[in-house]
Amino acid sequence: MIYLSALLLILIPFFRFDILKKGGNEKLWYYICLSALTLIAGLRYRVGGDTIDYMVHFETYPTIAELSEFDFKGAYYTPLWYVYNAIFKSLGDSFYVFQIVQAFLVNLAFFRFFKRYSKRFFAVLLVYFVGYYLYYNTEILRSALCVVLFLEAYPLLEKRKYHWYFLLSLIAVGFHISAVFLFVIPLFRLIKKENFTVCLVTGLVILVMASLVNVKSIIESVNIPTNSGFRYYLMSRLDSYAKGMPQLSKYYLFDQLAICAPVLGIMLLRRILRFENDSRFGVMAMIMVIIQFASIFHHVIGRFNDYLVPFVIVYLVNTLFENKGEIAANKFGLALATLSFVSFFGVTAVKYCRNQYAIMKGAHIYDRYLPYRSVFNPEKSVKRELLIASQYSASKVEVGDERVGLEFEENEIKEDIYWVNDTVLQDSYVVERGCRLTVKDCYVRVSPDCAVIVRKGAVLVVDNAVIDTDTTHCVRQWRGIQVHGSNLTHQFEIDGTYQQGYIELHNAAIKNAIIGVDLGDPDDWVKKGGIIYAENTSFINNTRAIHAENYTNTDPNTMRPADYNAIFDNCIFEINESYIGTDMFHKHVDLYETHGLKFYGCQFLQTVRNEKTSEYSVGFEANDSDFTIDNSRDGKETRSVFSGFHRGIAANSMRFGNWNNIKVFNAVFKDNSIGVELKDSRTAIIMSNDFFIDNSNDMCTGIMIDGLTDIMIEDNTFTGLNRKHENTSSAVSSTYMKEVHLENNVFNDVTEFDYRGH
């Protein structure tokens, strides 16, 4: 394990130089440790929480050439962060170049600071590595740069070169707003030394106040316009830090103990034994404890301690090592020093091992960093990806017990998995053959341009859950669900399994996708034939809800063509004013060369017409395909509805010799220019439907027929609406009269038949 190797590497010079007091090659070990820590952090692959998020952001940053046109005013972060990243965007556009430079700058600054202010460099380095190395190198990438500037600026403050100190502080603010704290730090120099009693009493007063004041409600009352840019970032940070505080929880108090207990112990030790060395850093330690307790009011306050941690580490180590003789001679002092030392390492270990079951069952803090992956072995840990994604959405994810302890490669799901509660997927996820993914009772958001892929022989079940796009960083659609298959394989169940990809949707919702469910691999013409069963499911604001093409099912017993294994029961297909697609909406269902898909009691709706929707929109389009529309099968016999389109249904035969069997039963067509359009199809049955036809537009018609060979139109009702003058619209229009059977239809205030042939 790489972290253990680094720990051993630090322990060798620690024992040699700081414990045994031997000399020789100290400078060499300094550079060996610096190189090791830089490379571990710089060459990591998707290790750490904020790292993964910053990788996503990095793709959207401008290059140096693009900075002149970049909207800094509307930007999410502070300006210098974009300028800094623009350098790396222009140098090969590689996040890993950025990462290794960042790691070098951060660790070099810490090494220089420790070397300057402590004679026990490797002891200080040991404390830094165990307690804070991963935090500064993988989590707080922006504010870590501010810490770097501060560590270089502090010697200038000691020399009273205030103009240089404040200049560097101002630059730091350009990277992260928390650096405003650096303008307050010079005031701490007015305090001569730490005071244990004042520190402890102040902390207790804060605890009492925190139990009486509802800070969360105060935060929620703050009203800052958050349309875009930094104001949105500021308010989103306030909201995210405030969510679920809850104040004085056992976990949050434990965090205070982890940070404050060793410091308070050393402060008490110094007071009892009257140590005077490092008093200036003692003031920093006292302020750090007070800030840590104050963060109970709001988590963001604790971020100021990022700047004080290096001072406190030096303060602790210097006190223990430079006064070890006096401490060893005093039994109480020795016990207190030992307790403080053990508490730091013990509590740190417990903190890393703490479970994250509230976010994801089976997860722990250490899953953010284990397993370690490098850029030379770029494999993803699915557990880490889901854990980090859930934390960024302030949501929860739970994974079945059988998944705990398993290793995952890339974004592939290779075991049966059960997800509940909300999460964000920041990359595409693939359910591999023989595996089953169940998504239940949750809201899953998928990053734009990513997809959920169900391989041939895999199963996806979405039960009472929503899958939607993630608009945290940009308003853009996700790619949707792809259900892969094979043109050479049938869709029949054998021994309880299917050879094709299979998806079930129960009381689910698929929203804001480019294609809600694509029954095939869009990039491979022969991997079609994905199976779907959907009931009580909504497909909302997808550019296309369902796409199926180029597949004929075959009965394995008779080797004859069979119906496509696809059923939609009581589903809703809707496009409304919240549509965010960059491509214009044309149709909900798109079929090409498929046969036998069934839609029972489904609603096809378009409730908005604007520049994002085609004036020739279609609810259901089938080319060289046949299908069935009928009542729902849930016993309620809910009717199918087509409303708001130019054409409710468009069925076309585009290839000579195709035999289509189109069946439309018990549907309602309203607010459409054309209810059903049939072109060059072979056969169709349109029976027991209601057509509401707008008489104010002479282009409106219930059924438009063009070149059909054999059609039966029976037991339908055609009702004219909004009549302005006579004979402006018709129930049935045709350019081809042969074999059109009109029987037992009812015509209310509408022309029965309009022959438009020549």
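- Scanning both residues, Phe183 and Leu170, for their nearest heavy atoms gives CZ-N, 3.8 Å.
- Looking at Val263 and Phe344, their side chains never come closer than 4.5 Å, going by heavy atoms from C-beta outward.
- With contacts defined as side-chain heavy-atom distances shorter than 4.5 Å, the pair Leu336/Phe341 does not qualify.
- Under the 3.5 Å distance criterion, with hydrogens and angles disregarded, no donor-acceptor pair is assigned to the side chains of Gln102 and Tyr54.
- With respect to Glu26, the salt bridge (charged side-chain N to carboxylate O under 4.0 Å, His left out) criterion is satisfied by exactly one of Lys21, Arg120, Lys115, Lys119: Lys115.
- A donor and an acceptor atom, one from each side chain of Arg44 and Ser374, are nowhere located under 3.5 Å apart.
- Ring geometry, Tyr61 versus Tyr82: the interplanar angle exceeds 60°, so the pair is classed perpendicular (tilted spans 30 to 60°).
- Applying the side-chain hydrogen bond (donor to acceptor under 3.5 Å, both in side chains) criterion to Arg112, with sequence neighbours excluded, gives Glu152.
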Starting from the C-alpha separation in whole Å, work towards a yes-or-no answer on side chain to side chain contact (heavy atoms under 4.5 Å, CB included) for Leu43 and Ile40. CA-CA 6 Å; Leu43 298 178; Ile40 291 172; over 6 Å; no

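- The shortest distance between side-chain heavy atoms of Ser169 and Leu149 does not fall below 4.5 Å.
- Closest of all the heavy-atom pairs between Gly42 and Ala103 is N-CB, 3.7 Å.
- Interatomic distance, CZ of Arg303 versus NE2 of His176, reported as 4.5 Å (0.5 Å rounding).
- Side-chain contact annotation: Tyr128 with Asn107, donor-acceptor N/O pair under 3.5 Å present.
- Arg368 and Tyr366 share no donor-acceptor pair across their side chains, judged by distance under 3.5 Å alone.
- With respect to Tyr30, the ring pair (Phe, Tyr, Trp, His ring centres under 6.0 Å) criterion is satisfied by exactly one of Phe114, Phe121, Phe17: Phe121.
- A donor-acceptor pair shorter than 3.5 Å can be found between the side chains of Ser178 and Tyr307.
- The side-chain hydrogen bond (donor to acceptor under 3.5 Å, both in side chains) search around Lys193 returns Glu276, not counting sequence neighbours.
- Using a 4.5 Å heavy-atom threshold, the side chains of Ile87 and Phe98 count as separate.
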Atom pairs and distances, side-chain donor-acceptor, residues 311-320, under 3.5 Å, sequence neighbours left out:
unit_1 : atom_1 : unit_2 : atom_2 : d
Tyr315 : OH     : Glu194 : OE2    : 3.1
Tyr315 : OH     : Arg270 : NE     : 3.2
Asn318 : OD1    : Ser118 : OG     : 2.8
Asn318 : ND2    : Tyr117 : O      : 3.1
Asn318 : ND2    : Asp278 : OD1    : 3.4
Asn318 : ND2    : Asp278 : OD2    : 3.3
Thr319 : OG1    : Arg270 : NH1    : 2.9
Thr319 : OG1    : Tyr315 : O      : 2.8

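- Remark: Ser295 OG to Ile290 CD1 distance equals 12.5 Å, nearest 0.5 Å.
- From Met55, atom CE reaches atom CG of Asp50 across 13.0 Å, with rounding to the nearest 0.5 Å.
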